[in-house]
Q: 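Handing you a structure now.
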Amino acid sequence: MSYSKSEVDLYVGLNKKGNVEVRRLPSRAEYSEQTPRDLPVQLVAQVHKALVQLRSFPNGRQHLLWISPGINDLYEVSPEELASDPVRLIERIHPEDRDAFLSHWLKCQKTPTPFDSEFRVVLPGERESVFHCQMAPEQQTDKSIIWHGVVIDVSEQKADETRMQIARELYQHNQQGLVILSPRGKILNVNDTFTKLTGFTREESVGKTSKILRSKLYPPSFYETMWASLEANGRWEGEFNERRKDGTLCPQWLTISGIHDADGKVSHWVAQFFDISQIKEAEDIIWRQANYDDLTELPNRRMFFDRLGQAIKTLHRTNRQIALFSIDLDHFKTVNDTLGHAVGDELLVQAGVRIMKCIREGDTLARFGGDEFVIFIEYSRLSIIERIAGNILEALSQPFELGQERVFLGGSIGISVYPRDADSINGMLRCADQAMYAAKQRGRNCFEYFTPSMQAAARQRMQMINELRQALEKEQLWVAYQPIIDLGNRRIVKAEALVRWQHPVMGEVSPVNFIPLAEDTGLIMAIGEFVLSAVAQQLAQWREMYPGDFQISVNVSPIQLQSNDRPVFDYWEQCIESHGLSGSDITMEITEGLLLNERPEVKQQLLAFRNAGIEVAVDDFGTGYSSLSYLKKLHIDYLKIDRSFVHQLESDNDDMAVCEAIIVMAGKLGLQVIAEGIETEQQMSLLKSAGCDFGQGYLFSKPVNAESFGELLGKRQL
Ligand code: C2E
Ligand code: MG
Ligand code: MG
């Protein structure tokens with residue numbers, strides 16, 4: 001091992017001003033005789049480390065005894081160069097660190113204590129490195145100190161530390177929520193933002209799985225797909241809703257990416273997310289502003305066009321049509337001009353609320369501005385349009401309370417129909433507007449169709465409805481009876497009560513024409529009660545005049561059985577009782593469709609009839625849908641084969657097959673069968689031979705008035 005003899009020593013001490021001073025001193029031969037201590041060879045050979053031995057004297061003299069070749073790698077000066085000019089050791093120290101280094105060195109010499117310092121050096125080419133120097137003192141008898149030391153380049157380590165520090169800062173104080181997960185989804189670490197956004201502290205989340213953040217919004221399959229994509233691509237990104245600690249949702253943009261180990265396997269998942277609730281809220285506000293009317297919060301023109309466009313596109317899949325209403329508030333301008341815009345606005349809001357209550361879920365009401373309200377509805381029956389239009393007019397004709405004022409308005413409605421009147425939205429709007437002006441001209445507070453023939457039909461319907469309303473009061477309704485006979489012996493065992501309307505001008509109006517109107521308007525309730533009480537009264541009389549068993553059947557509309565506020569059963573029970581009759585005297589005829597009605601009140605009522613001993617017949621059987629299981633469950637007693645099957649009955653045709661099938665099935669279910677509309681002897685004998693129990697039709701008798709039926713009852717045999 002070689003070492004250079006120092007030719008120059010250093011002086012390190014304080015000058016008069018108290019600053020550290022470094023000077024060169026010529027070395028003395030006697031110091032150089034001192035040889036370095038033995039050093040482990042391997043240690044010396046290590047690069048990036050320099051071993052050093054130095055002798056310092058109380059007078060400030062510093063004699064470099066020996067420095068290992070490693071100094072060349074660190075300082076880029078050879079031990080030989082240092083031997084001739086050791087000041088370079090000090091010169092290369094960064095000017096900002098130099099004083100601190102030397103002061104510390106002097107202090108350690110005084111005590112003496114081990115020297116330990118980290119400092120920057122500036123190498124040729126302005127390159128900076130960080131060195132760490134440690135020296136241990138060995139006190140000599142002549143008060144000098146021999147220092148044994150090591151200098152290490154710690155630049156890399158320092159840079160790493162700084163990088164780590166930056167990474168730590170970035171992680172902890174990131175504006176994004178960060179979660180480090182194990183490959184199996186266990187939470188290993190979270191940052192402050194995570195806690196701020198989710199409410200879960202570090203302690204509450206570390207060690208748990210990411211399931212603590214799951215909202216109930218997504219099915220398990222969603223998470224399975226997400227993990228599958230992570231496994232395949234190492235990354236997943238998307239909009240996502242997590243659950244906060246308080247249960248609320250945290251809408252966020254989430255990115256999950258994998259960190260891979262040396263083998264390419266995922267060692268960690270890093271999930272980063274930022275809160276997008278404000279963005280969502282803003283989007284929502286923008287969307288609402290674009291699609292809704294500010295004042296009434298109803299859809300605006302744009303939303304209306306959008307929805308109507310959609311409805312038109314899907315219309316061909318249904319057997320429906322679309323009606324567009326253009327509604328105008330009568331006298332709105334006067335209110336606005338006289339009471340001011342604020343009152344006008346309030347009026348529009350209230351009108352919007354009232355109209356809204358008249359339409360059904362799925363119908364769209366929009367405000368296009370001013371007092372222009374527009375509706376579109378999908379319908380299958382004209383009566384729906386007219387009911388809605390009537391209700392709106394009724395609602396708008398009620399007084400509006402506006403602050404101190406009470407205002408009477410009313411409205412006018414124009415109606416166009418797609419595709420009949422126009423095949424585009426704008427076309428429909430134009431037609432509806434025209435119809436609306438026509439309504440205004442006709443005298444306001446009414447509605448008008450665009451198409452004249454529809455308008456004429458609507459007017460006729462309205463007139464019929466008005467007249468039907470009065471028909472009850474004016475006693476124009478009466479009940480006819482049509483006998484039902486036992487096919488075995490042709491004796492009258494039952495009769496069906498059929499309502500008749502004796503119109504002063506039109507003559508006898510068929511129930512086929514007025515029952516649907518009565519159903520649409522709710523008049524059916526009053527008509528049904530009229531028929532039943534007429535039947536009960538008549539039956540009580542006949543019971544006294546014509547002893548023997550017979551029943552009268554009364555038709556009941558599905559609408560009657562669906563009414564909650566006026567249960568039909570209560571009326572029947574009271575009516576039967578007050579006329580001294582029993583439940584088995586009157587049979588109820590219902591339609592097939594009713595059996596499929598899901599409403600519990602319908603079933604309850606049917607069972608109540610059953611419990612009161614009132615028998616039930618299913619009318620017009622075979623024409624609608626029916627459920628065989630309900631026939632049994634609801635204890636039906638009779639099936640009435642619809643007259644359309646009887647009409648063309650031949651011994652070997654399809655109708656015969658249908659009748660036979662119904663009769664066999666009824667037999668198996670324990671029901672009896674009545675055939676309707678028997679007009680010929682042939683039809684009767686075919687039905688009789690097929691096993692049908694009862695028959696009704698013109699062959700035996702048309703429906704007749706009570707007096708005539710009484711005479712038939714007297715004979716009994718037909
Ligand atoms: P429905 O209950 O099926 O009544 C039988 C209908 O067939 C009656 O028509 C009757 O006159 C007719 N008819 C009877 N025998 C023959 C025949 O041999 N040939 C032909 N071609 N027809 C025959 P109507 O009286 O016009 O009644 C029609 C429908 O009106 C009834 O059909 C029933 O659904 C309804 N209806 C009648 N009265 C009432 C009532 O009081 N309440 C309710 N809700 N509906 C009623
Ligand atoms: Mg009937
Ligand atoms: Mg029938």
Q: Closest approach of V602 and L561, non-hydrogen atoms and distance?
A: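 That closest heavy-atom pairing would be CG2-O, 3.9 Å.
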Q: How close do P299 and L365 get, counting heavy atoms only, and between which atoms?
A: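 Result for this residue pair: CD-O, 3.1 Å.
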Q: Contact between F119 and H94 at the side-chain level, heavy atoms closer than 4.5 Å - yes or no?
A: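 The answer is no; the side chains never approach within 4.5 Å.
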Q: Would Q398 and E394 count as having a side-chain donor-acceptor pair, cut-off 3.5 Å?
A: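 There is such a pair (donor and acceptor under 3.5 Å, judged by atom type) between the side chains of Q398 and E394.
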Q: Around atom CD of Q562, are there more than 12 heavy atoms from other residues, nucleotides or ligands closer than 6.0 Å?
A: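 Enclosed.
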Q: Regarding Q310 and R307, do their side chains bring together a donor and an acceptor under 3.5 Å, going by distance alone?
A: no
Q: Can you establish whether the number of heavy atoms outside E128 located under 6.0 Å from its atom CD is more than 12?
A: yes
Q: Quick one: list whatever passes side-chain hydrogen bond (donor to acceptor under 3.5 Å, both in side chains) with R120, sequence neighbours left out.
A: E96, D97
Q: Any heavy-atom pair between the side chains of R360 and I384 that's under 4.5 Å?
A: yes
Q: Is D337 paired with K333 through a side-chain N to carboxylate O contact shorter than 4.0 Å?
A: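 Yes.
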Q: In the structure I gave you, are the side-chain heavy atoms of T451 and V417 within less than 4.5 Å of one another anywhere?
A: no
Q: Just by modelled atom types, is the D294 backbone N or O under 3.5 Å from a matching donor or acceptor in the N300 side chain?
A: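 Absent.
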Q: Heavy atoms, side chains only, cut-off 4.5 Å: are L329 and F373 in contact?
A: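 Side chain of L329 against side chain of F373, heavy atoms only: contact under 4.5 Å found.
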Q: Assess whether side chain to side chain donor-acceptor pair (under 3.5 Å) is satisfied between N174 and T193, documenting all intermediate values.
A: CA-CA 7 Å; N174 201 301; T193 312; 6.0 Å; no
Q: Is a salt bridge present between D160 and R163, judged by a nitrogen-to-oxygen distance below 4.0 Å?
A: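 A salt bridge links D160 with R163.
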Q: Checking side chain to side chain contact (heavy atoms under 4.5 Å, CB included) between P567 and each of Q605, Q560, Q604, E601, which is the one that passes?
A: Q605
Q: Distance check, rounded to the nearest 0.5 Å: E224 atom CD versus Y218 atom OH?
A: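 If we round to the nearest 0.5 Å, E224:CD and Y218:OH are 15.5 Å apart.
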Q: Count the heavy atoms of every other residue, nucleotide or ligand shown that sit under 6.0 Å from CZ of R184, and state whether that count exceeds 12.
A: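 It does not: R184 CZ has 12 such atoms or fewer within range.
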Q: Does R442, at its CZ atom, have more than 12 non-hydrogen atoms belonging to other residues, nucleotides or ligands within less than 6.0 Å?
A: yes
Q: A quick test of your reading: do over 12 heavy atoms of other residues, nucleotides or ligands sit less than 6.0 Å from CD of E297?
A: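 Not buried by this count: 12 neighbours or fewer within 6.0 Å.
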Q: Around atom CZ of R381, are there more than 12 heavy atoms of other residues, nucleotides or ligands at under 6.0 Å?
A: no
Q: Check each of D421, L308, I375 against L324 using the side chain to side chain contact (heavy atoms under 4.5 Å, CB included) test, and report the only one that passes.
A: L308
Q: Considering non-hydrogen atoms only, spot the tightest contact between N191 and Q176 and give its length.
A: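 Reported closest heavy-atom pair: ND2-O, 3.0 Å.
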Q: Without hydrogens or angle criteria, can the side chains of S424 and N426 be said to hold a donor-acceptor pair below 3.5 Å?
A: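 Side chains of S424 and N426: no pair found under 3.5 Å.
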Q: Evaluate the criterion ring-ring contact (aromatic ring centres under 6.0 Å, His included) for residue pair F325 and F447; output intermediate values, then yes/no.
A: CA-CA 9 Å; F325 288 29; F447 68 87; 7.8 Å; no
Q: From the options T364, D363, L315, I312, select the one residue that forms a side chain to side chain contact (heavy atoms under 4.5 Å, CB included) with E378.
A: L315
Q: Restricting to non-hydrogen atoms, name the atom on C431 and the atom on F450 that form the minimum distance, rounded to 0.1 Å.
A: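 Reported closest heavy-atom pair: O-CD1, 3.4 Å.
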Q: Has D263 got a side-chain atom pairing as donor or acceptor with K265's backbone, closer than 3.5 angstrom?
A: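 Pair absent, no side-chain N/O of D263 close to backbone of K265.
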Q: For a side-chain contact (heavy atoms from CB on, under 4.5 Å) check, start with the C-alpha distance between I385 and Y449, then their side-chain angles and the critical distance, and finish with the verdict.
A: CA-CA 10 Å; I385 299 187; Y449 283 101; 3.8 Å; yes
Q: I want to check something: taking the side chain as every heavy atom from C-beta on, are M436 and I327 in contact at a cut-off of under 4.5 Å?
A: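 In short, these two side chains do not touch, never coming nearer than 4.5 Å.
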Q: Please report the shortest heavy-atom distance between S129 and L123, naming the atom on each side.
A: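 Answer, listing the atom of S129 first, then L123: OG-CD1, 3.7 Å.
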Q: Could you tell me whether the side chain of F240 reaches within less than 4.5 Å of the side chain of L213, counting heavy atoms only?
A: no
Q: Look at atom NE2 of H341 and say whether more than 12 heavy atoms of other residues, nucleotides or ligands are closer to it than 6.0 Å.
A: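 12 or below, so no.
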Q: What's the shortest heavy-atom distance between I187 and T209, and which atoms?
A: CD1-O, 4.1 Å
Q: Can a donor-acceptor pair be found between the side chains of H132 and D116 at a distance below 3.5 Å?
A: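 Note: H132 and D116 side chains meet the donor-acceptor criterion.
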Q: For F408, check ring pair (Phe, Tyr, Trp, His ring centres under 6.0 Å) against everything at least two apart and list the hits.
A: none
Q: Establish, from distance only, whether the side-chain atoms of Q350 and E346 form a donor-acceptor pair under 3.5 Å.
A: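 Yes, a side-chain donor-acceptor pair sits under 3.5 Å.
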Q: I'd like to know if the side chain of E204 and the backbone of T201 have a donor-acceptor N/O pair within less than 3.5 Å.
A: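 Between the backbone of T201 and the side chain of E204 there is a qualifying donor-acceptor contact (under 3.5 Å).
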Q: Does any non-hydrogen side-chain atom of L298 lie less than 4.5 Å from one of M356?
A: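 Of all side-chain heavy-atom pairs linking L298 with M356, at least one is under 4.5 Å.
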Q: Near Y223 OH, under 6.0 Å, is it more than 12 heavy atoms from other residues, nucleotides or ligands?
A: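 Correct, the count exceeds 12.
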Q: Counting only N and O atoms by type, is there a donor-acceptor contact under 3.5 Å from the side chain of D433 to the main-chain atoms of S326?
A: no
Q: Report yes if some heavy atom in the side chain of P558 is under 4.5 Å from a heavy atom in the side chain of E519; otherwise report no.
A: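 Yes, side chains in contact.
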Q: Evaluate L181 against S210 for side-chain contact (heavy atoms from CB on, under 4.5 Å), listing each step before the verdict.
A: CA-CA 8 Å; L181 298 158; S210 54; 4.3 Å; yes
Q: Please confirm whether the backbone N or O of W287 pairs with a side-chain atom of N291, one donor and one acceptor, at under 3.5 Å?
A: yes
Q: Does any donor atom in the side chain of T296 or R367 lie under 3.5 Å from an acceptor atom in the other side chain?
A: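 There is no such pair (donor and acceptor under 3.5 Å, judged by atom type) between the side chains of T296 and R367.
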